[in-house]
Novice: 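Below is one structure. I have some questions about it.
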Amino acid sequence: PEEGPGTMANGVDALRETYPDVEAEVLDYLSEDEEDEAAEFEAEAFAADDWSAVIVVDNLPRIPLAKYDKLVGVLRRVFEQTGRIVRLEMPSEDGKTLGVAFVELGSGEEAAKAIRLTDGYALDKAHAFKVNPYAHLRTLATLPEVWAAPPRPAFEPRLNPHSWLADSAHRDQLVVRYNNETEVLWADTRAAPKLEYGGEREKEGGLYWCELYVQWSPQGSYLATFHNRGVALWGDAGFAKQGRFPAPGVKRVDFSPREHYLITSNDRPDDKRAVVVWDVRTRKELRAFELQRLDARKAPDALSEALLHTIAELDKHATSTATCNIPGAMSASQAAAQGGEAGHHGAHGSRGGKEIARFQWSHDDAYVARRGKTASGADNVAIYELPSMQLLGKKSLKADGVVDFQWSPSANTLAYWAPEHANTPARVALVEIPSRKELRQRNLVNVTDCKLYWHPDGTYLCVKVLRHTKSKKTLFASFELFRVDEPLVPVEMLEMKEHHVIAFAWEPNGGHRFCVVHTASETHTRPDVSFYAMESADGKKKEVHKVWTLEKRPCNAVFWSPAGDGRLVLAGLGDGFDGQLEFVDVENKWTQQREHYRCTHVAWDPSGRIVATSVVQPLEGAFFKFQMDNGYKLWSFQGASFHDASFENMYQLAWRPRPKSLLDDDQKKQIVKHLRKYERRFAHEDKLQEEARLRELSKEKRTQRAKYRALVRDRAAAAKTKRRAALLAMRNGVDVDDDQHYVVTTTYVETVLATKEELS
């Protein structure tokens, strides 16, 4: 269970339910002439050497000693909710308490828990607990009476995490993990990737730069390398070490969107510190949690055998879209945006079993949340504030039956869905945080499962609903489309009757389109691909409508270009498709089919210029059938392959993300409008780069040619020297090569090329 006031066993907010007379008792203790002066007290009652289990509770009511025992009883009932009380004393003076109490608990862990849960707890409007460890009080006692300015530390220049963005060729970076190597490369469509850093410093010391996996931070400032003992962060121009985070057996790292915090997890259910929240800048631990495993969504009762078989096929397909589950390769939000079913919490693959309740970050790093349950078994969403890591409002968000939730990518709005229960229909709710105001609720019936897909800009929310008929013999899909930015959040429904939905993805970067891969059969080998728009081309008509349909395409995943220019890649990943690729331009209704045999992963670079496809395998257990095909290919956005590399073992490929552009929408439109004036400069730069590339390719040929000409020249000179004596004898001693036998005359000739007369 979550630690916090929302839990009966652990939270002191439950005290008011257990002891409804607390308020009345406390009011009796308040003195009429109490002052707001700070209490000064030197604690001599505690003589133990270890003070970690002792806490100081300040801002208590000052009461006569006749009411001492009653107030102590109230305090005991409060702090017994957080641990075993060894000793509790309130010092007094002149027949009244001093408004402070000293509490010794059973251990330092219980004391830390008491501070976390009771600091700020309000007894009434005038008295709220101020709880601190006793060590703070001892520190205050050692401070000098006269303040002295501390010495100014020496200036240390900060590393520049965005130095790579100043590349003159405007290239993007990618990291590749293969064999025992980890390499960061520059990618360019006109040349092979160029190595930027491959762990050379670490190799000199006999170490590996990375032992397991790697992961970029959301804005590309850091590269995290996974090690057996924890995580290391690297950045700046030379990939200098930025910090280390001890996390033995780490399996997963989740950065906050603005890179202020990160979460490490070893996914061990027996570890009370399996999940740890860190401050990236200070590298300090903010809080640790146990791994929470909750019951996964089960299929509704009384479904027919045929329907259960169809659900099982959907489950099988959902896991086949990601043949190799690479930790840190793609976040859940990225997987959802690109059509990956397995990236969702509560995916079909966990149906009926246990699944890990993962933490999710709000867009501004203000909150982090995960699903949970109270001691009584009620469902909730525990939302923690950063950096204090305290429960928002000292209680969790009540969400009966919640199965999945997702934060909006652009606002502190949380969307969740809960299945049908008894006579209560399934529902999707939008909740504003921190007010907990419900912005919109949508009731749904005959629901088997739901998936939540936020638009990357946060303008729309799509809820993919898997429904069953009243007879529970047939499944079909529908979409509930929320226009989040509009007043009252209107909702449109798009039905896909007699169709199974394989993948869904929004067009990013201001796009208003989405793509659906769907099929009427259970084999999913040749599904149709349909494109829809949420508004008309001129933006005047706000209504969902179909734009285009591609029939019978061998694909099961969708990857939109991050540029938001209507380009995307349809990919057939996993068994049954063997890496079929199709490059699509929705604007011009153009397609180009390609293939990367046994392809397992597809990724666009942040600029939308290059597509990387790869065949990778997990470190934990190699797929030997892929070893002959391990490697990657780089493609232009038009589907032209310009580079490929093969390795015996390849584990990961990831593009370095770019931070959000500093230009607003109007500035971007102006650049596009006047793009032609930059065209000549870009063309000249491209020409120079192409000439440099051709020179590099012909460098060896030119070197060999120069060597051959020098050899011919030297041999001709040697032959001429060897024949000189014979020639002199034949010419009666006359050396025809001697300049003294010649008269040199220099003649200058001037020629008039043109004549022009001008009258002034």
Side-chain angles (χ1 to χ4, degrees), residues 1-16 18-19 22 26 38-61 68 71-91 97-123 127-143 246 271-279 282 284-290 375 382 384-391 394-395:
E2 288 289 348
E3 295 180 0
T7 306
M8 182 67 71
N10 298 324
V12 297
D13 273 0
L15 182 66
R16 301 191 186 280
T18 308
Y19 306 100
V22 167
V26 172
E40 298 179 359
F41 178 78
E42 181 179 358
E44 299 177 350
F46 298 91
D49 293 331
D50 184 10
W51 299 88
S52 62
V54 181
I55 60 175
V56 182
V57 185
D58 200 357
N59 202 33
L60 296 176
Y68 181 94
L71 182 56
V72 168
V74 173
L75 294 178
R76 282 188 174 275
R77 287 199 292 268
V78 171
F79 288 99
E80 281 174 352
Q81 300 287 323
T82 65
R84 180 177 63 89
I85 297 177
V86 177
R87 192 175 182 184
L88 191 154
E89 290 193 11
M90 289 191 300
T97 61
L98 297 176
V100 64
F102 296 87
V103 183
E104 181 181 359
L105 292 121
S107 65
E109 290 75 12
E110 291 182 356
K113 179 180 176 181
I115 295 172
R116 185 171 65 249
L117 296 179
T118 61
D119 185 35
Y121 176 71
L123 285 175
H127 298 87
F129 287 175
K130 294 181 180 179
V131 187
N132 291 285
Y134 181 72
H136 287 189
L137 186 64
R138 301 183 72 183
T139 301
L140 292 175
T142 61
L143 294 178
D271 187 357
K272 293 185 179 295
R273 295 173 48 81
V275 182
V276 182
V277 184
W278 304 87
D279 186 298
T282 63
K284 291 183 178 180
E285 176 185 323
L286 300 181
R287 190 168 175 183
F289 298 85
E290 291 185 76
Y384 299 89
E385 295 183 275
L386 274 301
S388 66
M389 285 305 297
Q390 300 294 320
L391 274 172
K394 299 292 183 180
K395 59 182 179 180

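Excluded from the calculations below are hydrogen atoms, water molecules and symmetry mates; all remaining heavy atoms, backbone and side chain alike, are included. Note that the structure is predicted; figures quoted are calculated from it, not measured.
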Novice: Run the side-chain contact (heavy atoms from CB on, under 4.5 Å) test on V277 and Y384 for me, step by step, so that the C-alpha distance in whole Å, both residues' side-chain angles and the decisive distance to 0.1 Å come before the verdict.
Specialist: CA-CA 11 Å; V277 184; Y384 299 89; over 6 Å; no
Novice: What's the verdict on side-chain contact (heavy atoms from CB on, under 4.5 Å) for L75 and I85, showing C-alpha distance, side-chain angles and the deciding distance?
Specialist: CA-CA 10 Å; L75 294 178; I85 297 177; over 6 Å; no
Novice: Is the closest side-chain heavy-atom distance between V103 and V131 below 4.5 Å?
Specialist: no
Novice: Whether the side chain of Y68 engages the backbone of M90 through a donor-acceptor N/O pair (distance < 3.5 Å, no angle test) should be reported.
Specialist: yes
Novice: Between CZ of R87 and CG of L105, what distance do you get to the nearest 0.5 Å?
Specialist: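 Those atoms lie 13.5 Å apart.
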Novice: Let me confirm one number: the CZ-CG distance from F102 to D58, rounded to the nearest 0.5 Å.
Specialist: 9.0 Å
Novice: How far apart are the closest heavy atoms of K130 and D119, and which atoms are they?
Specialist: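 Taking K130 first and D119 second, the nearest heavy atoms are CA-OD1, 3.6 Å.
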Novice: Restricting to non-hydrogen atoms, name the atom on A288 and the atom on R273 that form the minimum distance, rounded to 0.1 Å.
Specialist: CB-NH1, 3.4 Å
Novice: Under 3.5 Å, is there a donor-acceptor pair between the side chain of T118 and the main chain of Y121?
Specialist: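 No: the side chain of T118 does not pair with the backbone of Y121.
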Novice: Taking all non-hydrogen atoms of both residues into account, name the closest pair between L60 and F129 and its distance.
Specialist: CD2-CE2, 3.4 Å
Novice: Please name the pair of heavy atoms, one in G120 and one in A128, separated by the smallest distance, quoted to 0.1 Å.
Specialist: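 Nearest heavy atoms, G120 then A128: O-CB, 4.0 Å.
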Novice: Kindly say whether V56 contributes a backbone atom to a donor-acceptor pair with the side chain of N132 at under 3.5 angstrom?
Specialist: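 No, N132 side chain to V56 backbone: no donor-acceptor pair under 3.5 Å.
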Novice: Could you tell me whether the side chain of E285 and the main chain of V276 form a donor-acceptor pair under 3.5 Å?
Specialist: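 Such a contact is absent between E285 side chain and V276 backbone.
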Novice: Mind checking side-chain hydrogen bond (donor to acceptor under 3.5 Å, both in side chains) for D279 and listing every partner two or more places apart, or none if nothing turns up?
Specialist: T282
Novice: For L137 and W51: C-alpha separation, side-chain torsions, deciding distance, then whether side-chain contact (heavy atoms from CB on, under 4.5 Å) applies.
Specialist: CA-CA 11 Å; L137 186 64; W51 299 88; over 6 Å; no
Novice: Please report the closest heavy-atom contact between M389 and R287, naming both atoms and the distance.
Specialist: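 Scanning both residues completely, I find the closest heavy atoms to be O-NH1, 2.9 Å.
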Novice: Which pair of non-hydrogen atoms, one from I55 and one from A114, has the smallest distance, and what is that distance?
Specialist: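 For I55 and A114, the tightest heavy-atom pair comes out as CD1-CB, 4.0 Å.
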